[in-house]
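The structure appears right after this line, and notes come after that.
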Amino acid sequence: MADIIRHGIREPKDGMPCISRVVEHGGVVYVAGITPDPEGDIKTQTAQVLERIDAALALAGTDKSKLLKAEIWITNMLLFADMNSVWNSWVDQKNPPVRACVRADMYRPEILVEIMVTAAK
């Protein structure tokens, strides 16, 4: 059985959960849901989340060209087009992942988007 490698373990604090930011197992990289700083519009927040995803993938030695799946949560579907325009500028056009996008309430109302991805190593 392949080893499990965990990056960026966050201890529980101030009501936040104990999680790993990135987990590697069997050639697959799982990135926890990434949120932005609670400021700016959906485009600004989405760009920041995608930069953080690039950094998380790099921790495990992979990148967005190897994305398998993306799950996106936004607070208002009226923001979809703006979020999607940033996504489309960022995603590897030759290697796009499968993707879902749904409306959800965030733990802080100022946060407009959260994205979780899975990638190949």
Side-chain angles (χ1 to χ4, degrees):
M1 178 177 236
D3 290 336
I4 298 173
I5 301 168
R6 300 175 194 281
H7 303 277
I9 295 174
R10 181 176 70 196
E11 299 297 325
K13 181 180 175 186
D14 299 327
M16 298 303 290
C18 178
I19 64 168
S20 294
R21 295 282 184 191
V22 179
V23 174
E24 300 178 55
H25 181 260
V28 179
V29 175
Y30 305 90
V31 177
I34 304 288
T35 56
D37 295 336
E39 55 194 36
D41 63 11
I42 189 75
K43 286 184 173 186
T44 300
Q45 289 192 15
T46 302
Q48 186 178 60
V49 168
L50 296 173
E51 287 174 14
R52 290 176 177 179
I53 288 172
D54 283 333
L57 292 169
L59 279 175
T62 191
D63 60 58
K64 65 186 174 185
S65 72
K66 297 183 178 115
L67 286 179
L68 303 171
K69 177 174 80 165
E71 299 170 57
I72 302 172
W73 298 272
I74 58 177
T75 58
N76 184 334
M77 291 309 281
L78 295 175
L79 303 173
F80 179 84
D82 285 341
M83 177 280 302
N84 203 51
S85 69
V86 177
W87 170 271
N88 283 340
S89 294
W90 172 82
V91 75
D92 184 325
Q93 298 289 311
K94 293 182 180 178
N95 300 293
V98 298
R99 191 186 97 170
C101 180
V102 297
R103 190 203 61 79
D105 294 330
M106 301 295 169
Y107 74 98
R108 291 180 66 181
E110 304 88 8
I111 292 177
L112 305 175
V113 61
E114 180 171 351
I115 303 174
M116 179 180 216
V117 299
T118 304
K121 182 78 173 165

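Values in this document were obtained by computation on a predicted structure and should not be read as measured data.
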Glu39 side chain vs Glu110 backbone, donor-acceptor pair below 3.5 Å: no

Could you check whether any side-chain N or O of Thr118 sits under 3.5 Å from a backbone N or O of Leu68, counting only pairs where one atom can act as donor and the other as acceptor?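 No, Thr118 side chain to Leu68 backbone: no donor-acceptor pair under 3.5 Å.
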
Count I, L, V, M, F, W, Y as connected when their side-chain heavy atoms are under 4.5 Å apart, and connections chain through other members. Are [X] and [Y] then in the same cluster?
X	Y	result
Ile34	Val23	no
Val49	Phe80	yes
Trp73	Leu67	no
Val22	Leu50	yes
Met116	Trp87	no

Would you say [X] and [Y] make side-chain contact, with heavy atoms under 4.5 Å?
X	Y	result
Ile115	Arg99	no
Thr35	Met106	no
Lys64	Val91	no
His7	Val29	no

Can you measure from [atom1] ([X]) to [atom2] ([Y]) and round to the nearest 0.5 angstrom?
X	Y	atom1	atom2	answer
Asn76	Arg103	CG	CZ	8.0 Å
Met83	Asn88	CE	CG	8.5 Å
Ile53	Asp63	CD1	CG	13.0 Å
Asp37	Arg108	CG	CZ	9.0 Å
His25	Asp3	NE2	CG	8.0 Å
Leu79	Met77	CG	CE	9.5 Å

Determine whether more than 12 heavy atoms belonging to other residues, nucleotides or ligands lie under 6.0 Å from atom NZ of Lys69.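 Count not over threshold, so no.
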
Shortest non-hydrogen contact from Lys94 toward Asp92: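 Looking at all heavy atoms of both residues, the shortest contact is N-OD1, 2.9 Å.
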
Which atom of Ser20 lies closest to which atom of Ala32, heavy atoms considered: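 Heavy-atom minimum between the residues: O-CB, 3.6 Å.
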
Judged by modelled atom types alone, do Asp82 and Ser85 share a side-chain donor-acceptor pair under 3.5 Å? no

Apply the side chain to side chain contact (heavy atoms under 4.5 Å, CB included) test between Thr46 and each candidate in Leu112, Asp41, Val86; give the one that qualifies.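 Exactly one pass, corresponding to Val86.
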
For the pair Gln45 and Ile74, evaluate side chain to side chain contact (heavy atoms under 4.5 Å, CB included) and give the outcome as yes or no after the intermediate values. CA-CA 11 Å; Gln45 289 192 15; Ile74 58 177; over 6 Å; no

